[in-house]
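Notes for the one structure printed next.
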2 protein chains.
Amino acid sequence: MARVRMRDVAEHAGVSVRTVSNVVSGYPHVSPDTRARVQRSLDELGYRMDYLARGLRSGRTGFIALAVPFVAEPYFAELAQAVIRAAGRRGITVLVESTAGDSEVERRIIEGGLTNVADGVLLSALTLPAADVAAKKPDFPLVMLGEHSVGDQFPRVGIDNVAAARTAVEHLLEQGCRRIVALGRNGSENGRQRTEGYEQAMSAARVRRVNWLVVPVEDWTRDQGHEAVRELLEGDGPLPDAVFAFNDALAVGALRALDASGVRVPEDVAVVGIDAIQESAYTHPPLTSIAPDLDAIAERSLALLEEQMQAPGGPGEAAPGEDAQAGAVVVAAQEATPYRLIVRESSRRGTALE
Amino acid sequence: MARVRMRDVAEHAGVSVRTVSNVVSGYPHVSPDTRARVQRSLDELGYRMDYLARGLRSGRTGFIALAVPFVAEPYFAELAQAVIRAAGRRGITVLVESTAGDSEVERRIIEGGLTNVADGVLLSALTLPAADVAAKKPDFPLVMLGEHSVGDQFPRVGIDNVAAARTAVEHLLEQGCRRIVALGRNGSENGRQRTEGYEQAMSAARVRRVNWLVVPVEDWTRDQGHEAVRELLEGDGPLPDAVFAFNDALAVGALRALDASGVRVPEDVAVVGIDAIQESAYTHPPLTSIAPDLDAIAERSLALLEEQMQAPGGPGEAAPGEDAQAGAVVVAAQEATPYRLIVRESSRRGTALE
DNA sequence: CCCGAGTCTTGCATCGATGCAAAAGATCAC
DNA sequence: GTGATCTTTTGCATCGATGCAAGACTCGGG
């Protein structure tokens, strides 16, 4: 069956194409009679709007793109779900893209690789786009999710990573922990900020330097968390009394390694993570974690995106071939969304060891 | 900065629009000189193809849509990842959609709601589209993933659920379990088939009926698994010696409930799941599960989709307004992809209790 | 020096829907 | 009856890229 076009409907109903368009788009000045007849033809032929064609003419597709590193990572999967839900409320359809953590892919997106199919882009960048990219301003609606080191020219939405990490570590300190491992430093900006929060908390609590321990990993995955903690336990250094994992996946891996070595959680080692993915309520023991408000992130980022989409001409106003003039920089908002600490068994110690 | 079109590039390079198109699309008969000049203009102006416009003309967008119930559910998230990866190898971009398990949304997709933006659709249907929809043939490339009860008019790709369930239960029987709970029956076709596999295995092993126990749930989530097993343990019936969960999320919930009640796994109760989501390797204890070959599912379904996309006119050939004639039914392939049993601690009993 | 066979380049129509503005038809006051 | 006003409907151009086929140009053989 060939595609049913407005023209087919128009012929079937004996009206012009334009009238069909008017009916479909709800233009008020159509006689009830005509409207009914056209509607009948629409139903009968099973007409479906071609959004591409409409998008071509109107410049809007009704789609936004959400690009995350790995769809299969629980945090990003849950974030995607939240964005899809929030977008649905606004009548926007979300296209989820996966960058595979490839900075080349991320760079292409920043340069506009998705703008032709989407009215705007939400990008959760993992790796760091090259410095030359950092100097660019996007010429289309773009909002960054989470942290990245691209600079301030893009609006961003996410929790305050330094504060969140500090909160997590403070909680461990309150439980009496002192020799706290920070698990998850890697090349990412996110890792840097969470390390900084750790250091701030440790420093403020006047924990002796010998008890500071930052363990690097490559990716924030269960495997890496497991591996790193296993090696730590096999080493001959004194055992830590807590692990602050930079995300829940790492924490899950850490829990597994501790469990396998017979280390009791939280009695011997307390554990906290960040993200509060659904899985974290079901670990052994249930994991204490920092829960970012995903709905707030989704709502806020969509609002910022719509703001940009409505702004005439988009954020970049420079003429073709020129760079945006530095004088007219629109300061991009850094939006810090709320988060809260969910205390579960993995860090709940009966007695603080003060 | 306004969008850079081929026309802009053409003017800048002093050639016709068509020549620019030829350069962009790699048409061979372009002089090196011209090609270089056009390429320079392309780079200088930062030209980006408008895929919508191209799609409008050529009828192909280069996108396929993948619709799953919940992106945040680990199984679907991992499936999406596999599809994205497989599609990438074929130069196809995937748009991930979430149906929220809403049968209305699923119906719209079957009726072609995504065909305007995607060349083909992969649908993982959760709920059952209404019977009247079942009578329809799609007029666009569509492949169903997993099970559903729509009938045989759609090609499907997935594991053989009955066999997979049977394999899981046989494994438990081999471990000496007899009083085996089947956890997860609900209204879905998938649930029906896994129940059937359970019954086949139990029956073949001549397990007495009194030991058969099918526990219903609403959704296949951790919460529901937890809830159901908690209630089971609180009841006054004899304890089961194994739980066969219809998916890993349910199993994770079951493990948590067992753990909370002090029931030892696998000594007191063995547990197996289906899906082998990444999380399952990190549960306490690690979960035995049936691992469907997601890459095979992704590859096979994309192959089937491409097959349909190449077939002239698509699967439905009926004239507008007519139903496909029953005589010319193309028998839709039911593709059974491989799976394997991954045995981990949760079901490994030292001694079979024959 | 001309012709046919390439090679390279171009103009025009087209994909499906909408913006624009004019045409056609209805309604009303005078 | 007639012009003014408002409602309803329509034709045409357009969005950006490509299919098609013809035009312009180059080159070697006769």
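Values below: all heavy atoms of this structure, side chains included; hydrogens, waters and symmetry mates excluded. Just so it is clear, the model here is predicted, and its values are computed rather than measured. First the proteins, then the strands, lettered A, B, ... as listed; each starts at 1.
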So the contacted stretch of DNA chain D, first to last nucleotide with an atom under 4.0 Å from a non-hydrogen atom of chain B, runs from D:dG16 to D:dC20
Salt bridge flag under 4.0 Å for residues A:Arg5 and A:Asp50: no
Within a strict 4.5 Å, meaning less than it, do heavy atoms of the B:Val71 and B:Glu97 side chains meet? no
Identify the two heavy atoms, one from A:Pro69 and one from A:Thr99, that lie closest to each other, and give their separation to 0.1 Å. CA-OG1, 3.1 Å
Nearest heavy-atom approach of A:Val157 to A:Leu304 is CG2-CD1, 3.5 Å
Taking only nitrogen or oxygen atoms into account, show me every contact under 3.5 Å that the protein makes with nucleotides 4-11 of chain C, one pair per line with its distance.
unit_1	atom_1	unit_2	atom_2	d
C:dT9	OP1	B:Ser31	OG	3.1
C:dT9	OP1	B:Thr34	OG1	2.2
C:dT9	OP2	B:Ser31	N	3.0
C:dT10	OP2	B:Ser16	N	3.1
C:dT10	OP2	B:Ser16	OG	3.2
C:dT10	OP2	B:Thr19	OG1	2.5

Suppose the criterion is ring pair (Phe, Tyr, Trp, His ring centres under 6.0 Å): which pairs have a residue in residues 16-40 of chain B, not counting sequence neighbours? B:Tyr27-B:His29
Do A:Glu299 and A:Arg90 sit within salt-bridge range, that is, some charged N less than 4.0 Å from a carboxylate O? yes
Minimum heavy-atom distance B:Leu305-B:Leu142, with the two atoms named: CD1-N, 3.8 Å
